[in-house]
Structures are given as C-alpha cells and as structure tokens.
Amino acid sequence: MAVADKATRAVLPNGTCLIRRRAPSLRLKPLFFPLEPLMTELSGGPSLPQERRVVTAIPGPKSQELLARKNAAVAGGVGSVLPVFTVRAGGGVIEDVDGNSLIDFGSGIAVTSVGSSAEAVVRRASAQLADFTHTCFMVTPYEGYVEVCEELARLTPGDHAKKSALFNSGAEAVENAVKIARSYTKRQAVVVFDHGYHGRTNLTMALTAKNMPYKHGFGPFAPEVYRVPLAYPYRWLTGPENCAEEAAAQAIDMISKQVGAENVAAIIIEPILGEGGFIEPAKGFLPRIAEFAKANGIVFVADEIQSGFCRTGQWFACEDEGIVPDLITTAKGIAGGLPLAAVTGRAEIMDAAHSGGLGGTYGGNPVACAAALGAIETMRELDLNAKAKRVEEVMKGRLAAMREKYDIIGDLRGRGAMIAIELVKSGTKDPNPEATAAVAKACHSAGLLVLTCGTYGNVLRFLPPLVIGEDLLNEGLDVLESAFAEL
Ligand code: PLZ
C-alpha cells in the first residue's frame with residue numbers, strides 16, 4: 001500500500017473524494033503505475049464532470065453501432081436495461097461513447113455504492129494487480145482474504161465468534177449458505193418466501209420466486225425448497241395492520257404442517273426484498289420468523305446481497321429490527337464493483353463443512369479482496385450510512401409530493417438509498433407495468449438511469465451511488481417528476 005502513503009485526500013461537499021498523488025518512488029514497481037507527476041482526480045476517475053449531459057438521442061449513434069455488434073455476438077438471453085455503452089463512470093454519473101453523461105440511480109444494481117471508480121478501490125486494487133492477480137486461496141493463501149473475513153466479522157450484527165468464506169457472486173454465496181446449513185443441521189429442506197430473489201444458478205433459481213424471466217424453461221429445479229407467504233404490507237389482503245402477524249402465522253403453519261420444522265436446514269430471507277419489489281416486510285415479521293428458526297434449530301439466513309453495506313443507512317438492513325442472523329450472505333456493494341461475495345456467520349455453523357468442502361478457483365480473488373478493503377475504507381471515511389439516510393430524506397420528501405399529485409403512485413417505500421415507488425392503475429391497486437416502463441423510458445431519454453423491479457414489473461427502484469452529490473440527486477428527481485408530468 002505504498003501509494004496510499006503518498007496520497008493526500010480531501011472530501012468535497014458533494015461527497016466526492018479528491019486525491020492528490022505524488023510521483024511514485026523508486027521503491028514501487030514503476031511500470032505498473034501510470035506516470036502522473038502531480039495530479040488531482042475525482043473519485044470518478046480523472047476529471048469526470050458530475051453533471052447530466054444529453055448530447056444525442058439515447059442511445060446515441062455510437063451506442064447503436066455497438067448494440068448491433070452486441071446483438072450479433074452476445075447471446076440473446078443476456079439483456080441490457082439501457083444499451084448506452086459506457087466509457088467512464090464514477091461519483092453519480094455514467095458517461096457513454098456518444099459523450100452523454102447520465103445520472104446514475106442504479107449503481108449497477110446496488111453494487112457501486114462507493115461510486116464506480118472510488119479512489120481507495122482503484123488504488124488498492126491497482127496495487128494488488130501489480131503484485132499478483134491470483135494464486136487460488138485453496139493453493140497458497142494471502143492476507144487480503146483473511147482481512148476481508150476479519151472486517152466481515154466486525155461489521156455484521158452480533159458479537160459472537162464469526163467466520164466467513166468468500167465467493168464470486170451472490171448466487172454462489174447463497175448456494176454455499178445452503179451447503180453449510182445442511183452440513184450443520186444434517187437436514188435438507190430450505191424455506192424461502194414469496195417475491196424472494198436469490199440468483200440464477202439451479203439451486204438459487206429454485207429459491208427465487210418469479211418465473212419470468214428467471215426460471216421459465218430452465219427447470220427442473222433443485223428439490224427440497226419450500227416457499228411460504230411474505231408480509232407484504234401494501235398487498236396483504238386484510239390490509240397492512242395485521243399483516244406481520246398473519247403472514248408469520250401462515251408461514252409457520254405451512255412450515256410445520258407441510259415440511260416439518262425438524263426437517264428444515266435453513267430459512268432464507270432478504271431483510272428488504274430486492275428484485276421482488278423493494279418490499280419491506282411488515283415490522284415484526286422478521287423477528288417472529290427468526291425466533292421460530294431459533295426455537296426449532298433452523299439456521300436463519302439473511303440474504304443481504306442487495307441491502308447490505310450501507311445501502312439502507314445501516315451496515316446491514318436486518319439491524320433495524322435488531323435481528324442477529326445465524327448466517328448472512330453479502331456481495332454487490334462489498335467490493336466497489338469487483339466480483340466478490342461472502343457467507344459470514346456463527347463460527348460453529350461455518351465450521352460444520354468438512355475441510356475442502358467449500359471453495360472454488362477464484363473465490364476471494366486477491367484483487368477483489370483489495371477492492372473490498374478499499375470500499376469498506378471509503379464507507380467508513382465518508383460515513384456512507386449517514387449519506388444513505390440523507391438520500392432517503394431527500395428522495396422520500398420529493399416522492400411523497402409526487403405521490404400526492406399522481407395517483408398512479410400507489411406505494412412509496414424503502415430505506416436509505418434503496419427506495420421505490422409501486423405504480424398502479426388510477427383508483428385501484430392493479431399493477432401498472434405499462435406506466436412503469438413508460439416512466440423509465442422517459443427518464444432514460446432525458447439522461448437519468450432508473451431500474452424497474454417487482455413481481456408484477458410495476459416498481460420503479462432508485463439505487464443511487466451513496467457518494468452522489470445532492471444537486472445531482474435532486475436533478476434526477478426533477479427528471480423523474482417531468483416523466484410523470486408527461487405521462
Ligand atoms: N440475492 C438479494 O439481489 C442479485 C440480479 C440481477 P448475483 N440481484 C440482482 C439479475 O437480473 O440477474 C441478488 C440479490 C439477492 C442474490 C442475488 C444474486 O446475486 O451476484 O447476481 O449472483
């Protein structure tokens with residue numbers, strides 16, 4: 001980390017981080033460091049202006065050309081929400097090949113919470129790249145992996161002894177949480193919830209609720225997976241008041257009667273559901289399910305892959321109801337854009353699998369670990385939990401005003417910088433995926449990247465990088481408001 005010693009840093013009021021770097025000394029391997037005698041750069045890479053700039057149609061002509069190449073060379077099953085081809089990204093913007101600069105309300109699906117080119121991530125990952133790219137932790141280990149596991153033990157809820165194992169993707173982490181829970185309990189069944197999303201591999205497709213586009217035509221799926229009701233306040237038939245109690249009672253009844261609690265290895269739940277529609281389970285539901293798991297020797301797994309690492313204004317969303325999961329799965333925000341995922345949990349559970357039973361060629365890659373340490377450093381230094389709470393304040397204020405004005409906004413929910421609105425047909429609760437797609441499209445054309453989600457495809461979700469400047473955040477909300485006005 002010699003480069004770190006030579007850098008001075010300042011944080012701008014808009015949250016971006018400035019670094020002044022001196023020329024690398026001879027002690028470093030000069031070949032691997034760009035020759036920058038004295039330069040100042042934004043966290044968004046050298047001089048990336050933090051502005052919305054639309055200079056062509058979206059997507060522009062160069063993106064269209066690349067899109068034709070994509071369509072010819074890339075498998076049709078791999079879609080892109082908005083085919084503008086990126087050249088640079090950082091802070092709160094994405095710049096494309098045509099010179100457009102989009103405000104980013106997506107963070108690459110909740111990944112780049114520290115920005116897409118955060119200074120500490122780039123610095124640490126670059127230094128690691130220069131030292132070595134890979135050894136395979138299962139062959140010869142390295143310190144970065146251990147350091148990430150130590151950080152995970154510190155940051156995740158609970159003060160019990162914890163251990164971690166690192167992987168490449170969220171789905172892989174969830175699969176491994178199931179392997180670990182099965183080893184520990186010597187049971188097979190896994191319980192998941194309506195609207196849940198846990199990945200696209202065979203086992204995680206089975207755990208995921210929604211057919212299209214995730215599962216359709218891809219079966220048969222892994223056995224011993226059981227789905228139970230979720231306390232979804234906006235759509236609970238008897239209304240939100242008794243939703244937590246009723247949903248928990250139904251879920252517990254189904255587990256007890258249809259599966260047998262004594263056969264259940266793990267209950268897996270997202271403390272705030274991501275792909276399913278940014279659903280916050282009604283207050284009281286999560287603690288009731290966690291309690292049931294504990295009383296029956298079931299491993300309670302919080303899937304914090306989307307909600308973790310400051311996204312909701314806490315290190316982990318389950319902290320809001322004081323939940324201490326037995327295992328917690330993380331990915332996405334953990335490494336500032338590099339692929340890394342983890343299972344963290346009670347040491348006795350994590351140690352249940354036999355030696356050699358867990359792993360993979362690339363799991364906990366050293367460059368990804370270095371990036372994770374840089375991302376965590378950034379989260380601490382810039383107090384990104386506080387930033388996420390501020391994003392919530394600004395967004396909820398503006399969105400509540402829009403909801404007053406446009407009655408197709410049926411629900412406004414989420415925490416921190418994980419906020420969503422659910423769109424319905426006027427005067428009903430019928431899902432309105434058409435309006436959702438139209439608003440998203442209008443936003444894209446005006447230079448604001450927004451994403452949709454939800455079982456019914458009628459949720460607009462907002463996941464800005466936590467380092468986004470407040471001006472850009474407000475400008476993005478202006479664009480959204482105009483999109484509603486146009487509709
Ligand atoms: N668990 C809670 O949100 C990934 C999926 C996007 P991977 N969510 C984005 C898509 O359409 O593929 C996710 C998640 C939760 C697990 C996962 C899976 O994480 O890194 O995509 O495998």
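Counting starts at 1 for both ligands and their atoms, following the listed order.
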Q | Side-chain donor-acceptor pair present, S113, R311, cut-off under 3.5 Å | A | yes

Q.
Going by side chain to side chain donor-acceptor pair (under 3.5 Å), name the pairs with one or both residues in residues 199-217, residues two or more places apart or in two chains.
A. E175-T201, T201-T204, N211-H216

Q. Which pairs, with at least one residue in residues 358-394 and sequence neighbours excluded, count as a ring-ring contact (aromatic ring centres under 6.0 Å, His included)?
A. H134-Y362

(Q) Counting only heavy atoms not in E147 (residues, nucleotides, ligands), do more than 12 fall under 6.0 Å from its CD? (A) yes

Q.
Can you list every protein residue that has a heavy atom under 4.0 Å from any atom of ligand 1, sorted by chain and residue number?
A. I109, S169, G170, A171, Y197, H198, G199, R200, Y214, E270, E275, D303, I305, Q306, K332

(Q) Test: ring-ring contact (aromatic ring centres under 6.0 Å, His included). Region: residues 310-347. Which pairs qualify, not counting sequence neighbours? (A) F309-F316

Q. Are Y142 and F132 close enough that their ring centres sit under 6.0 Å apart?
A. yes

